[in-house]
Structure formats: C-alpha cells, structure tokens
Amino acid sequence: NSAVFDGLLTWGADAFGLFEVPIENRGTITTNAGAQLVFGSSYSGGTSSNTVCTTGCTFNSAVILSSDATLTGQGVAVFTAAVQTSGTGSRTVTSVFQSGSSLSGSGSFGGTTFEQGSTLVHDFSGPQRVFSSLVMEDGSTLVLENVNPTATPIAVPLTSSSIGNINIRINSIAPGVSLNNGQTLALFSSNILRAGATPTVSFTSGVGSGTTGAIAAGQLGVVLAGLPTNCATGLVECQPDGCVNTLVNGAHCGGCNQVCSVGCDGNGACITACPPSAATRCTSGCSNLQTDANNCGSCDTVCPNGATCQNGACSCGSRTLCGNSCVDTNTDPNRCGSCTTSCPTGNSCVSGACTGCSTGQTLCNGSCVNLQTSAQFCGSCTNSCGTGVACVSGTCQTGSGGGGAAGTNGGGGTSNTQQQTQTQTPSTPPSGPSGSDDDGGGGSGTAIGIGLGVGGGVLLLLIIGGVIAAFLILKGGGSSSGGSINSNRSGVYSPYGSNLQQPGW
C-alpha cells in the first residue's frame with residue numbers, strides 16, 4: 001500500500017522508475033543521467049530528505065515537502081496536483097506547474113513556471129517566498145492569503161521573469177488589518193509585468209477590485225479599488241491619513257502612500273518643481289498661500305467650513321465666523337443674530353430674530369416669556385419689577401394709603417402686595433405707610449397711627465411714652481368708627497428703631 005525509503009535509492013542511467021503507491025522519503029532518492037521518475041501516487045519528503053531529479057521527475061499526485069526537505073537536480077520537476085512546502089529547504093530544481101496544480105507554503109524555489117489553469121498561493125503571514133525566476137502565464141492564478149500591505153513581497157529577479165494576464169484573487173486579510181481604496185499592495189519585489197498585460201484583481205467576497213502595475217521602489221503591486229468607504233466622493237481612504245484627494249496629495253499622489261518629493265500636479269502625477277502660480281510646497285502639494293483654503297497664509301492652515309482664503313486670510317464673506325464654521329446669523333436658529341443666541345425649540349430665525357413663540361408669550365432676549373406675569377419682563381421686554389416685586393396683569397404692584405395724623409384715627413389702606421416696614425424715633429411723628437386691602441382702626445388720643453400692610457391685615461404702630469407698641473389686626477378686626485383695637489398677639493419695639501421682638505408670633 002505504501003513505500004518508505006530511509007536510506008539511499010539510486011536509479012541508473014536511462015532507467016525508468018514508476019511508483020504507483022504513496023512514497024515517504026526519509027533519505028535520498030537520486031537518478032543518473034537519462035533516468036526518469038514518475039510518482040503516480042502521493043509523495044512526502046520528510047525532514048532532511050532529498051530527491052534529485054537529474055533528468056526529470058513527474059509528480060502526478062499530492063506532494064508535501066516538510067521542513068528542510070530538498071528537491072534538487074539539473075532536470076525538470078513537473079507537478080500536476082497540489083504541492084505544499086514548509087521550512088527553508090532548497091528546492092532548486094526547475095519546476096513546471098501544469099493545469100490543475102498548485103503551490104502553497106514557504107521556502108525557495110528555482111526557476112518556476114505556472115501554466116494556464118495552475119495556481120500560486122502566497123501567504124503574507126509566512127516566511128518570504130523566493131524564486132530564482134518566475135513565469136506566470138496567461139490564465140494562471142495568484143491567490144493571496146492574510147494580506148498585509150506592510151508584509152514583504154515575493155522575491156523575484158527582474159530578468160527572466162514575467163507576469164501575464166493572470167487572475168489575482170485576494171482570499172483573506174490579516175487579522176487587525178483593514179484595506180482601503182487607493183492603497184497599494186506590493187506583490188513582487190520587481191516589476192515583472194509583461195508589456196501589455198492587464199491582470200485582473202478580485203476579492204473572494206465579491207467586494208473590491210484593483211489595478212496592477214508598478215508601485216514605489218520598482219515593485220509590482222496592486223492599487224486597491226471598489227472597497228466600501230466612508231469617504232466623500234472624490235476622496236480616497238489612505239492610511240494613516242484617512243480620506244485624501246489622490247490627485248493633489250503629495251503623500252498619496254495617484255494612490256495611497258505614493259510620495260512625491262515636490263508635490264502632486266492635480267492629476268495624480270508627481271511634479272519636480274512648483275509653478276509660479278503655486279510656488280509653495282505643502283503637504284498637499286504646490287500651493288498659493290494667498291488663495292488656498294487648505295493652506296491659507298501658511299502650509300496646513302485650513303479655513304473653516306465654507307470660508308475662502310483671501311490675501312492669505314480666511315474669510316466668511318457675508319456670513320459670520322462662529323467657532324470653526326461660517327454661518328448665516330440671519331437664518332440659523334442656533335446662532336440667530338449672533339453666535340451665542342439660540343432660538344427656543346420650535347422657533348425659526350428670520351432676519352436675525354427668533355420668531356414663533358406660543359400664544360400668550362413674547363420673545364424677550366432670546367426667551368419666550370409671559371409679559372403678564374414675568375417680573376423680569378413685566379408688560380414689556382424692557383420693564384423689570386425688581387427684587388421681590390410681583391408682576392400682576394402686566395403691572396408691577398406697588399401700595400398706597402397713609403397713616404392718620406397725630407391725635408386722629410388712621411385711614412384704611414388700598415391694595416398692596418409689597419410688605420413695608422418703618423421704624424421711627426419718638427421725637428419725630430412718622431407719616432403713615434401703605435395699608436392693606438381691608439380698612440383697620442386708627443389710633444386715638446395723642447397716639448400716632450401708622451398702617452402697615454401684612455397679608456390681609458393691618459399692623460398699627462403706637463408711640464406711647466417713648467415705646468412703640470405694635471398691634472396686628474387680622475382682616476380688618478378693628479372698628480373704624482370707635483377707634484378700638486382688637487389683637488390677639490402683640491410685640492414690642494424698643495426705642496429708636498431697634499428690631500422687632502417676637503414673643504409668641
């Protein structure tokens with residue numbers, strides 16, 4: 001069922017060896033001139049094994065070359081099935097991969113040809129693949145695994161190598177790596193694209209494409225395209241700079257990471273010197289610092305959204321600069337009339353003024369208020385009642401009414417919502433302050449009656465013998481005709497206007 005060789009097996013000149021069972025080589029299989037070996041079943045080259053193809057070896061089934069297993073000789077090795085290699089073993093024999101065959105893994109190979117229908121699989125995450133020469137004919141396929149733009153490309157010499165109209169298929173992307181439109185992906189260390197050849201680029205997922213050609217450092221690579229992007233129309237996502245215009249960006253001229261020494265000409269091509277009309281070299285290319293909104297006055301000074309660069313300074317024209325944007329303060333409800341005025345919810349801004357307050361409200365200083373009840377805007381946007389004064393029906397309420405003269409009854413007061421207090425020394429009879437809604441009894445005899453509005457009652461102060469006595473008449477408890485005073489609670493003022501003492505109330 002299988003054969004294992006762990007020593008030396010030599011085939012003589014012009015001999016023909018046909019292996020119809022799986023072969024595991026642990027030693028050396030070698031041939032003399034003219035000998036041909038055909039492996040009809042699978043072949044496995046173990047560690048330190050060697051197969052020498054002096055004239056020719058044909059592998060008609062799967063081949064595995066492990067670790068440092070070698071495949072050498074002056075002949076030609078023909079493969080018709082899958083070949084998997086690993087390690088750093090030398091496989092210097094000239095190899096031909098026919099239709100239906102494939103090569104994957106790592107390690108070096110001699111001159112290698114991939115015919116139509118064959119496949120070369122390159123894993124960017126593995127050791128660098130090296131060919132002493134490489135020919136990929138029309139119709140062959142290059143499959144890319146674990147794609148990483150920073151990985152080392154396949155090493156090939158510029159001479160004796162060529163790439164035709166092949167199919168390039170991106171099968172997987174390395175973990176943590178994102179690909180972007182306009183990004184370059186180096187495939188080969190030299191530009192071995194055959195003149196006139198136009199390989200196709202596709203993604204296994206069906207999303208994305210690209211164009212193949214020479215890239216930086218004379219390499220052959222792919223400029224990616226067709227990938228989903230969040231960039232605006234006309235911009236390309238290039239890492240690490242994000243969305244850029246590859247027509248003018250000197251760091252991404254014509255494609256991502258294609259750096260120009262001077263600048264980008266506006267058509268995606270590098271230029272050698274800046275023209276007089278844009279004589280300053282900036283990151284984005286040649287610039288006129290007097291008019292370039294992205295380099296206004298100096299390189300990388302970007303004007304706010306909507307602004308233009310005039311004489312090296314950013315200008316909003318007829319609009320107003322608010323923060324980093326030019327806005328129309330005549331119509332912007334968030335900056336209505338000024339950068340700091342925001343209209344109430346549901347309002348609009350017309351000619352720099354907020355409109356649209358609900359019924360019964362008026363716009364005052366950017367807020368909708370009720371002029372009938374607002375103490376700050378009482379009756380109009382310019383009238384403030386002051387601290388502690390209420391606004392009733394659009395009017396700041398003030399009291400009226402006087403106390404009685406000396407020796408007479410005090411008169412009743414009129415409506416008053418503002419409490420008033422007054423102290424007086426005994427030597428000067430005071431005049432009466434405002435009263436309350438209800439009439440109260442006045443003072444009698446030689447006393448001086450003083451009305452004070454407190455809620456719905458009257459506070460009467462009587463100066464008697466140098467002591468001011470205070471009486472509170474609730475809801476007009478006194479009699480206006482008889483001059484008598486009814487009070488359930490009383491307090492005492494000391495002479496010369498000291499504070500009210502409140503025993504019991």
Side-chain angles (χ1 to χ4, degrees), residues 42-45 59-71 77-156 161-175 177 179 185-190 192-193 197 199-206 208-210 212 219-222 224:
S42 62
Y43 172 86
S44 174
F59 297 86
N60 289 329
S61 190
V63 175
I64 297 177
L65 299 176
S66 303
S67 188
D68 58 352
T70 62
L71 185 60
V78 177
F79 301 95
T80 63
V83 178
Q84 182 177 353
T85 63
S86 62
T88 59
S90 176
R91 290 100 194 195
T92 59
V93 66
T94 299
S95 301
V96 176
F97 287 82
Q98 295 182 343
S99 179
S101 65
S102 64
L103 172 63
S104 62
S106 60
S108 62
F109 260 75
T112 304
T113 299
F114 288 87
E115 297 179 346
Q116 180 179 6
S118 63
T119 300
L120 169 61
V121 179
H122 176 57
D123 191 336
F124 282 76
S125 65
Q128 184 182 30
R129 172 74 77 180
V130 179
F131 292 95
S132 60
S133 67
L134 176 65
V135 175
M136 295 194 72
E137 297 179 351
D138 294 351
S140 60
T141 300
L142 173 62
V143 174
L144 306 176
E145 300 279 2
N146 291 307
V147 168
N148 187 344
T150 63
T152 305
I154 300 171
V156 293
S161 297
S162 68
I163 298 294
N165 295 316
I166 68 172
N167 304 306
I168 301 174
R169 187 172 73 247
I170 298 176
N171 201 38
S172 64
I173 302 172
V177 172
L179 300 181
L185 182 64
L187 303 180
F188 299 97
S189 60
S190 301
I192 57 175
L193 186 65
T200 61
V201 181
S202 63
F203 284 69
T204 298
S205 62
S209 59
T212 306
Q219 300 174 341
L220 177 63
V222 171
L224 300 175

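The figures that follow rest on heavy atoms only: side chains count, while hydrogens, waters and symmetry mates do not.
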Check: When rounded to the nearest 0.5 angstrom, what distance separates CD in Glu145 from CG in Asp123?
Finding: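 Going from the CD atom of Glu145 to the CG atom of Asp123 covers 6.5 Å.
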With a 3.5 Å distance limit and no angle check, can you tell me whether [X] reaches the backbone of [Y] through a side-chain donor-acceptor pair?
| X | Y | result |
| --- | --- | --- |
| Gln128 | Ile154 | no |
| Arg169 | Thr200 | no |
| Thr112 | Gly110 | yes |
| Ser162 | Val135 | no |

With heavy-atom distances below 4.5 Å as the criterion, would you say the side chains of [X] and [Y] are in contact?
| X | Y | value |
| --- | --- | --- |
| Leu134 | Phe114 | yes |
| Asn146 | Pro175 | yes |
| Leu185 | Leu144 | yes |
| Phe59 | Leu71 | yes |
| Val177 | Val147 | no |

I need the minimum non-hydrogen distance between [X] and [Y], along with the two atoms involved.
| X | Y | result |
| --- | --- | --- |
| Ser106 | Ser86 | OG-CA, 3.8 Å |
| Gly164 | Leu193 | O-CD1, 4.5 Å |
| Glu137 | Ile166 | O-CG2, 3.6 Å |
| Met136 | Phe188 | SD-CZ, 4.4 Å |
| Ala197 | Asn165 | CA-OD1, 3.2 Å |
| Leu179 | Pro149 | CD2-CG, 3.7 Å |

Check: According to the interplanar angle, ranging from 0 to 90°, do the rings of Phe109 and Phe97 count as parallel (below 30°), tilted (30 to 60°) or perpendicular (above 60°)?
Finding: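 Rings of Phe109 and Phe97: tilted, as their planes differ by 30° to 60°.
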Next item on the list: Please check if any side-chain donor atom of Gln84 sits under 3.5 Å from a side-chain acceptor atom of Ser104, or the reverse.
Entry: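 No.
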Check: Checking side-chain contact (heavy atoms from CB on, under 4.5 Å) against Thr119, which of Ser102, Ser101, Ser99 comes through?
Finding: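 Testing each of Ser102, Ser101, Ser99 against Thr119, the sole residue satisfying side-chain contact (heavy atoms from CB on, under 4.5 Å) is Ser102.
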